[in-house]
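Here's the structure we're looking at; comments come further down.
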Amino acid sequence: QFAGASHPSIPNTLSLVSEADTRFVNSGVTSMTIDNTSKVGIGIDSSIGAPLHIQYSGIGSGLIIESTDSGTSAAPDLVLYRNSSSPADDDQIGNIIFNGMDSGANVQSYARILVEADDVTSGSEDSTMHFSTIVDGTLDERITIKGSNVGINNNNPTVALDVTGSVTASNEFIGDIDGAVRFTAKTDEALSKGDVVYVSGVSGNTTTVGKAKADDASKMPAFGMAI
């Protein structure tokens, strides 16, 4: 027992509960438990589900990592370290999962951030970061950063920004374009590489192009060429 200054009649205690648990009791309330598998529970004294399990009933900060260093280096750091004795390509390195309850009292993962090691070769390591959210009950990948390429609804981006789906902008696309701007569209006639084309029709999200003709005003202006 430890002296409890504010509660002299309910001292703070360290309890050894048979061979199962070690409990730290503050003012009659168990504040920390170490179970017989060396799992530590803070605010929970049974059903400890991880090496460190923190439970509290409030809102706001559940964990604070504070650095008082006055230097310019980044701090504090939160490190997820996959210390494998046999690292291999496609190993999952770290996973952050956002869980909550659904209306059926089931535990549901609503979002996830996952990092994989694509290549573990020393000196030429590559990685991919996956951002997933749940839509209509299915958790799926929405944004992928693969090396230096970013994919939106595309988990294997092959260019700097690789988007599957429609893109809407409320202002201008501004950039220094070096090379062709390419679009994919349906055609209403056979085209050859290099043919100048025009927009011959739009239906919903589908654009159709045809071969432009300089002597036909209805098939101008040209906006590009077939490749």
Side-chain angles (χ1 to χ4, degrees), residues 13-66 76-120 126-147 149-157 161-168 204-205:
T13 62
L14 168 61
S15 302
L16 304 178
V17 184
S18 67
E19 296 181 356
D21 300 328
T22 301
R23 292 177 179 165
F24 295 81
V25 181
N26 182 18
S27 302
V29 178
T30 300
S31 58
M32 186 170 72
T33 301
I34 305 174
D35 72 9
N36 64 342
T37 63
S38 297
K39 294 178 181 177
V40 177
I42 297 176
I44 182 172
D45 61 1
S46 62
S47 301
I48 301 174
L52 175 61
H53 187 163
I54 301 173
Q55 183 183 86
Y56 71 119
S57 60
I59 59 174
S61 301
L63 175 65
I64 297 176
I65 303 173
E66 180 177 348
D77 297 335
L78 177 62
V79 178
L80 304 183
Y81 178 25
R82 180 69 181 271
N83 186 9
S84 172
S85 61
S86 55
D89 293 354
D90 301 322
D91 277 355
Q92 294 187 1
I93 301 302
N95 198 13
I96 301 175
I97 303 172
F98 300 83
N99 283 351
M101 303 298 292
D102 66 13
S103 61
N106 304 301
V107 178
Q108 176 65 59
S109 295
Y110 284 90
R112 179 178 65 191
I113 302 173
L114 170 67
V115 173
E116 291 181 314
D118 298 329
D119 185 352
V120 298
D126 294 312
S127 67
T128 298
M129 178 175 281
H130 309 267
F131 295 84
S132 301
T133 59
I134 193 169
V135 176
D136 291 330
T138 300
L139 184 69
D140 207 350
E141 199 169 325
R142 313 299 171 189
I143 299 176
T144 304
I145 303 174
K146 189 176 184 68
N149 296 331
V150 177
I152 298 177
N153 292 326
N154 184 336
N155 61 13
N156 189 30
L161 179 61
D162 204 339
V163 180
T164 298
S166 301
V167 177
T168 300
N205 293 326

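Only a predicted model underlies this, so the values are computations on that prediction, with no experimental measurement involved.
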Classify the side-chain pair Arg23/Thr30 by whether it contains a donor and acceptor separated by less than 3.5 Å.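 Checked: Arg23/Thr30 side chains show no N/O donor-acceptor pair below 3.5 Å.
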
Is it true that Thr33 and Asp21 share a donor-acceptor pair across their side chains at a distance under 3.5 Å?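 Side chains of Asp21 and Thr33: no pair found under 3.5 Å.
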
Between Ile42 and Tyr56, is a side chain to side chain contact (heavy atoms under 4.5 Å, CB included) present by the stated rule, with each step listed? CA-CA 8 Å; Ile42 297 176; Tyr56 71 119; over 6 Å; no

With the side chain counted from C-beta on, respond yes when [X] and [Y] share a heavy-atom pair under 4.5 Å apart, and no when they do not.
{"X": "Thr128", "Y": "Thr144", "answer": "yes"}
{"X": "Ile96", "Y": "Leu80", "answer": "yes"}
{"X": "Asp162", "Y": "Lys146", "answer": "no"}
{"X": "Asn99", "Y": "Ser109", "answer": "yes"}
{"X": "Glu116", "Y": "His130", "answer": "yes"}

What residues, two or more places apart in sequence or in another chain, satisfy side-chain contact (heavy atoms from CB on, under 4.5 Å) together with Ile134?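 Only Gln108, Tyr110, Leu139 meet the side-chain contact (heavy atoms from CB on, under 4.5 Å) criterion with Ile134.
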
Euclidean distance, [Y] [atom2] relative to [X] [atom1], rounded to 0.5 Å:
{"X": "Ser31", "Y": "Asp45", "atom1": "OG", "atom2": "CG", "answer": "10.0 Å"}
{"X": "Arg112", "Y": "Phe98", "atom1": "CZ", "atom2": "CZ", "answer": "11.5 Å"}
{"X": "Leu161", "Y": "Ile152", "atom1": "CG", "atom2": "CD1", "answer": "5.0 Å"}
{"X": "Ser84", "Y": "Ile93", "atom1": "OG", "atom2": "CD1", "answer": "8.0 Å"}
{"X": "Lys39", "Y": "Leu52", "atom1": "NZ", "atom2": "CG", "answer": "12.0 Å"}
{"X": "Ile54", "Y": "Leu63", "atom1": "CD1", "atom2": "CG", "answer": "5.5 Å"}

Provide the closest heavy-atom pair for [X] versus [Y] in the form atom of the first, atom of the second, distance.
{"X": "Val150", "Y": "Ile145", "answer": "CG2-CG1, 4.4 Å"}
{"X": "Pro157", "Y": "Asn155", "answer": "CD-C, 3.5 Å"}
{"X": "Val120", "Y": "Asp89", "answer": "N-OD1, 3.0 Å"}
{"X": "Val40", "Y": "Ile48", "answer": "O-CG2, 3.8 Å"}

When you measure from the side chain of Arg82 to the backbone N and O of Gln92, does any donor-acceptor pair fall under 3.5 Å?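 The answer is yes, because a donor-acceptor pair under 3.5 Å joins these two groups.
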
